[in-house]
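Comments concern the structure below.
Just the heavy atoms: all of them, side chains too, but no hydrogens, waters or symmetry mates, feed the values below. Within every chain, numbering begins at 1; the chains are lettered A, B, ... in the order of the sequence lines, protein sequences first and strands thereafter.
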Amino acid sequence: MSRYAHMFERLKLRGEGAFGAFVMLGDPDLPRSASLLDALVEGGADMIEVGIPFSDPIADGPVIQAASRRALEAGVRVSDCFDLIAGFRERYPDVPIGILTYANLVVARAGFMRDAAQAGADSLLIADIPALEAEPFAREMLQVGIEPVLIAAANTPPDALRNIARLSQAYTYCVSRAGITGTHASGDFEHSLVTRLVEVGASPPVFGFGISEPAHVRAALDASAAGVISGSAIVRQMRLEQPRQRVVDFVSTMKDATKTVYDPSRRSPASVT
Amino acid sequence: MRLDGRFGRFGGTYVPEILVPALEQLEAAFLEAQEDSAFQAELSDLLANYAGRPTPLTRCRNLSSNIYLKREDLLHGGAHKTNQVLAQGLLAKRMGKRRLIAETGAGQHGVATAIVGALLGFETVIYMGAEDVERQALNVFRMRLMGAEVMPVESGGSTLKDAINEALRDWSASFEHTHYLLGTAAGPHPFPTVVREFQRVIGREARAQIVQQLGRLPDAVIACVGGGSNAIGLFADFIPDDVRLIGVEAAGRGVAGTEHGATLLRGRPGILHGAETYVLQDDDGQIADTWSVSAGLDYPAVGPEHAYLMETGRAHYVGVTDHEALAAFRALAVSEGILCAFESAHALAHALKLADEQPETILIVGLSGRGDKDVAQAQQLLGPSA
């Protein structure tokens, strides 16, 4: 059983949703990036999603764009990112870690997927590969032992959703509203998207884009999601004083919100916003 | 998608999932419009009576009498851009959109989009690299005069590719009421096909005009290639003929270094802005910064059909440096009384080389735009007395 499948099963037994924490690898530099990955686990993140910085990130809002730029300006290469993942894998043998990046990095570098797998990455989401182009990429990922992850959006038509269900293995990255990362925090999640995904037998639906406070976590889980991924909000913490502690605290608050959805009486007053 | 959107292995639809329905809607609207005589009639009327088609095919009197210039510089707006912008504007109306967004480098496509925004009644937003906004202040003013909002883009190198990134980001959130009026024959399917079909008029006219004037086809047609819309528009109707097709890329300060925009000559296959095509990039796949004296050729990717035409050998691609382009710009002004855009001067520079080597060959050069926008820069580069 894959690390993702194992994690989702474990959380289901506990009645918890998964909290996925996203950071950009190499931001702001390699040593601090490694330490921040540990901070995510320390704060209680169930799954770690990492970006590999790309010069032209068209699906990202200003916060993640700036993170990519900081990493690239620090001279971070793709091979450095794989080293960070390998280090993480050694320290945390069981925590799922997935890569979120862009197509040109994957096709430019011979053996990108093989090296990602060898470093210990569990999944790969390519932000600019939609379902209709995904087949050959997904096939190659499976050959090297990486689980493909695809995005399903509220406006994705039924035939594309069926393809996504067939191809997306670790989880299904759900986007409830139009836009780019980090720009539309509203806590408004499409219950019908989850329902439609369940109907076509998709892997666990996880909401991303605009998850920046505990209320969003609960709203997403109330919409029957298996989990959430928060990115821009975490990267914002990293830009404050005492970034590491900020990240631990933020992740911990967000993770707490995944524990209370199925039993409202367990909600602590402090976590109700 | 109803068409596969491929040119051999190039092209495709490499965009975030959220944008796929918007591209499918555009493809459907385009295919229907191509069969709709009312749409075609409205477009023909605009092209003839608003934009000034057909444009002349001018035989050079002094440079070389075997060089013929296809005069897109005389089109309303000052460049070939207006052809397909009018057509996409009508498509946007058809799709019920109320807002247009576009990217621009030097500002020609931005101006063309502002024109159609004013004419057809759209709210219009132009994304333009902050650096280009400063360099092209006059074009920015022209766009604003016609009611468009110009948004300076600060991200990345603040040039054309960054403006495209920002337009795609806007579109990801706004596609329900907004049409992204992409300015060149690049980007995700169906844009390369849509733009080619709406620029095909350049080559169709040129082919008929040369046959009428000379009673024969040319030996070669030559056009500059940035994204490649004027080149594919000029080439398209000559593809089945026994006519050489030559695309001219910006060799900038020389293709041996990194300061150029010679994507097909120096790049390698990759995926950028929605298409698999040739891309200037480093070993990791990070997109390279480019350079050309002409902002319109300063782009690290290229329309996927050009990648295909190169790999199949149907078209050939060469480079012309800033210096050579500037010399051709000046020669055309001095000898023919025509100020052309720096972009078009690249095509002319190669034609002058060919005319020197093979004086008997008949050449058609795509004079894609007029040079008013470049006059201030030319003055700087050539000195006040030129």
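- B:R268 and A:A108 get closest at one heavy-atom pair: NH1-O, 3.2 Å.
- Only the side chain of A:A160 comes within less than 4.5 Å of a heavy atom of chain B; its backbone N, CA, C and O stay farther away.
- Across all non-hydrogen atoms, the minimal contact from A:I58 to B:P16 is CD1-CD, 3.8 Å.
- Only the backbone of A:A127 comes within contact range of chain B, judged by heavy atoms closer than 4.5 Å.
- With a threshold of 4.5 angstrom between heavy atoms, A:V78 approaches chain B through its backbone and through its side chain.
- In this structure the side chain of A:P57 reaches within 4.5 angstrom of the side chain of B:R169, judged on heavy atoms.
- At least one side-chain heavy atom of B:E17 sits under 4.5 Å from a side-chain heavy atom of A:I164.
- With a 4.5 Å cut-off on non-hydrogen atoms, A:I126 does not touch chain B at all.
- A heavy-atom distance below 4.5 Å is not found between the side chains of B:I18 and A:I151.
- In this structure, no portion of B:E276 lies under 4.5 Å from any heavy atom of chain A.
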Begin with the C-alpha distance, continue with both residues' side-chain angles, and end with the deciding distance and a verdict on side-chain contact (heavy atoms from CB on, under 4.5 Å) for B:T13 and A:L132. CA-CA 8 Å; B:T13 313; A:L132 70 100; 3.9 Å; yes
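- A:D128 contributes no side-chain N or O that, together with a main-chain N or O of B:Y14, makes up a donor-acceptor pair within less than 3.5 Å.
- Although no hydrogens or angles enter the test, the distance criterion places a donor-acceptor pair under 3.5 Å between the side chain of A:N104 and the main chain of B:I271.
- Summarising the geometry of A:V107 relative to B:G270, their closest heavy-atom pair is CG2-CA, 4.2 Å, with the distance given to 0.1 Å.
- For B:I287, the parts sitting under 4.5 Å from any heavy atom of chain A are the backbone and the side chain alike.
- Proximity to chain A is limited to the side chain of B:E24, based on heavy atoms less than 4.5 angstrom apart.
- The contact between B:Q286 and chain A is made by backbone and side chain atoms together, counting heavy-atom distances below 4.5 Å.
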Hey, mind stepping through B:K161 and A:D56 against salt bridge (Lys or Arg N to Asp or Glu O under 4.0 Å) and telling me if it holds? CA-CA 8 Å; B:K161 100 179 152 71; A:D56 294 81; 2.7 Å; yes
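- For A:F137, the part lying near chain B is the side chain, with the backbone staying farther off; criterion is any non-hydrogen pair under 4.5 Å.
- In this structure, chain B has a heavy atom under 4.5 Å from the side chain of A:R69, while its backbone stays farther away.
- If you measure heavy-atom distances from A:L72 to chain B, the contacts under 4.5 Å come from the side chain alone.
- The two residues A:N155 and B:P21 come nearest to each other via the heavy atoms O-CG, 3.4 Å.
- Taking CZ from A:R77 and CG from B:D284, the interatomic distance works out to 4.0 Å, rounded to the nearest 0.5 Å.
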